[in-house]
Amino acid sequence: MTHWIIAPVILPAILAPFIVLAARYHIGIQRVFSVAGVMALIAVAAGLAWTASNGTIILYQLGDWAAPFGIVLVGDRLSTLMVLLTAVLALFVLLYAIGSGWDDRGRHFHALFQFQLMGIMGAFLTGDLFNLFVFFEVLLIASYGLMIHAGGNARLRAGVQYVLFNLLGSTLFLFALGALYAETGTLNMADVAQRVALVDPSETVGIRLAAVLLLLVFAIKAAVVPLHFWLPSSYAEAPAPVAALFAIMTKVGAYAIIRVYTMIFHPELEVTAGLQTAWLLPAAMISLAIGMIGILAAKHLDRLVAFAVIGSMGMVMVAISMFTQTSITAALYYTVHSTLAAAALFLIVDLVGTGRADLKLTAQPTLPGAALTSALFMVAAIAMAGLPPLSGFVGKLLILDAAFPTSTAAWIWAVVLISSLIAVVGFSRAGSVLFWKAKSLPPPEEDPEAETTAAPAVLSYCAVGGLLTMLVAHTVFAGPATAYMASISQQLFNPEPYISTVLETPGKLSKPTEGH
């Protein structure tokens, strides 16, 4: 399975130009190849996750050059889990885009979709910080194209804001890499982890600067307050399938924080001791509060869901910021939950908007398919708000349990519980206005000259139902899922096997050839 680890990056990288060059005018062929490619990704990702489930570290040396001189892809329990989650999410999002016709409202949707998957997969699998930057840029370019798909002035403005803010993050990323390379002479994560531990305590300015800058960069990607301003407009204005796929993009920032700050700048490292908690925990709690207050204050359904994403990321970052095995376990469980729930809500927003004049939270006449749409919204809202019996409730219990032994337990409990109550009120208000009050209004008068409003396609409902089914499965199998997350956390806090596998595995080109 060693060579299969590059497939999640190579497969979409090959499919995207093929779709552009060979099928740019044939939407049916694009759909067939795009769906087939994503299903192949799921199969490969499942195989990689199965291989890594027993603790095996999967290593691929590009060009057969050994680390730290060569580029490596590394698959462990965490990275393969995120790759599998991305592939499964991509399938449901793609089915919805096809069923709703979003993929045919602009050009090159499927090619950009594949490039987006390439960037996400590469970010999860790379073992090199510079290549993490490269894959971030691939994400940025592809996501901008997807965001302005189908056009519109509002969408273009949101896309420009999104690009500018993320370019700022990219600039900070380069500064951080420069500072880190100046101090260690390498950017391979395993090699950096070894060299940072050997830095003289009196010469730590560059290391601390790099640690702070990287935290800022990853916080931008994760939309942590006060670096979250780009998200509400960007996600609200993006096409529904694109916003649903973007649910995993904020998790790239969370993944990067977990990876870098458990391997390189781990809590026991004297050079950066306490740096993460001092900055990250307060910002995470404020993010959680602002996200949930935004749910209550939102006047449009799409912005309500965008603020729900900010709140869910705040919940994830609260767990991450404690940097214990128990808290990382809770963070990973909640990461899977929030990704599926946010994606489902964005797709439901599009179902609600079918045939409506706008997405304002005002009562409007009932439209075709409203009964099923309201049922789906209720399930997704319960999940996102963290009410029992779905996985959001389980995830919050795990986070509260992880916070109990800490000195900030009272603050964490208060913020989590109060914000959850606010989220329940916000979602209840939105649901009652959209579906309950709408029943009391007369149906709209038929205009013979107006275009008829058709109910959403069955495939669209199947895609949303598939995401909610995954949420139910995540709840039913919460025990095995939590146990697996605990094994991931244990592996993260014991990085020696990862480091030794990356640095001690020889390559054919790791030494000069004979005669040279």
Side-chain angles (χ1 to χ4, degrees), residues 35 88-89 91-105 236 239-245 247 295 298 300-306 308 337-385 387-392 423-424 426-444 446 451-476:
V35 171
V88 172
L89 174 67
L91 177 61
F92 292 116
V93 170
L94 192 57
L95 292 178
Y96 185 91
I98 294 172
S100 62
W102 266 110
D103 62 332
D104 199 23
R105 299 185 193 182
V242 175
L245 182 63
I295 292 175
H300 293 78
L301 184 60
D302 48 3
R303 292 187 71 88
L304 180 148
V305 179
H337 155 79
S338 62
T339 301
L340 298 173
L345 278 171
F346 277 119
L347 298 184
I348 292 170
V349 167
D350 193 60
L351 293 177
V352 172
T354 302
R356 285 175 61 100
D358 52 52
L359 286 169
K360 288 183 179 179
L361 293 176
T362 56
Q364 297 187 30
T366 304
L367 294 168
L372 181 55
T373 303
S374 63
L376 295 174
F377 177 82
M378 182 185 70
V379 175
I382 288 174
M384 183 59 82
L387 290 177
L390 293 179
S391 52
V424 171
F427 277 112
S428 300
R429 176 182 70 95
S432 63
V433 170
L434 289 171
F435 303 110
W436 182 37
K437 290 185 179 180
K439 291 183 179 180
S440 62
L441 298 177
E446 295 185 2
E451 295 182 2
T452 57
T453 301
V458 174
L459 186 59
S460 300
Y461 283 112
C462 290
V464 178
L467 287 171
L468 296 181
T469 301
M470 296 298 295
L471 275 175
V472 173
H474 195 46
T475 308
V476 173

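Along the sequence shown, residues carry numbers from 1.
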Original post:
What are the two closest heavy atoms between L89 and A343, and how far apart are they?
Top reply: CD1-CB, 3.4 Å

**OP:** Would you indicate whether the side-chain heavy atoms of V88 and M470 approach each other to under 4.5 Å?
**Re:** yes

**OP:** Would you indicate whether the side-chain heavy atoms of L347 and F92 approach each other to under 4.5 Å?
**Re:** no

Subject >> Minimum heavy-atom distance between A380 and I348, given as atom pair plus value >> reply: CB-CD1, 3.7 Å

Original post:
So, for S460 and G99, which heavy atoms are closest and what is the spacing to 0.1 Å?
Top reply: OG-C, 3.4 Å

Original post:
Is any side-chain heavy atom of F346 less than 4.5 Å from a side-chain heavy atom of V242?
Top reply: no

Original post:
Should L434 and S374 count as side-chain neighbours, where that means a heavy-atom distance under 4.5 Å?
Top reply: no

Original post:
Are the side chains of L304 and F427 in touch, meaning some heavy atoms are under 4.5 Å apart?
Top reply: yes

Original post:
Below 4.5 Å, heavy atoms only, C-beta onward: do T373 and F435 meet side chain to side chain?
Top reply: yes

Original post:
Got Y96 and L351 here, is their nearest side-chain heavy-atom distance under 4.5 Å?
Top reply: yes

**OP:** Only one of D302, L301, V305 passes side chain to side chain contact (heavy atoms under 4.5 Å, CB included) with L345; say which it is.
**Re:** V305

**OP:** Over all heavy atoms of both residues, which pair between A298 and R303 is shortest? Give the atoms and the distance, please.
**Re:** CB-C, 4.3 Å

Original post:
Do you see a donor-acceptor pair shorter than 3.5 Å between the side chains of S391 and H474?
Top reply: no

Subject >> Heavy-atom check, side chain of L390 versus side chain of L471, under 4.5 Å >> reply: no

Original post:
If you look at every heavy atom in A240 and D350, which pair is closest and at what distance?
Top reply: CB-CB, 3.3 Å

Original post:
About how many Å separate CE of M378 and CG of L387, when rounded to the nearest 0.5 Å?
Top reply: 11.0 Å

Original post:
Considering all heavy atoms of both residues, which atom of T475 and which atom of P389 are nearest to each other, and what is their separation?
Top reply: CG2-O, 2.9 Å

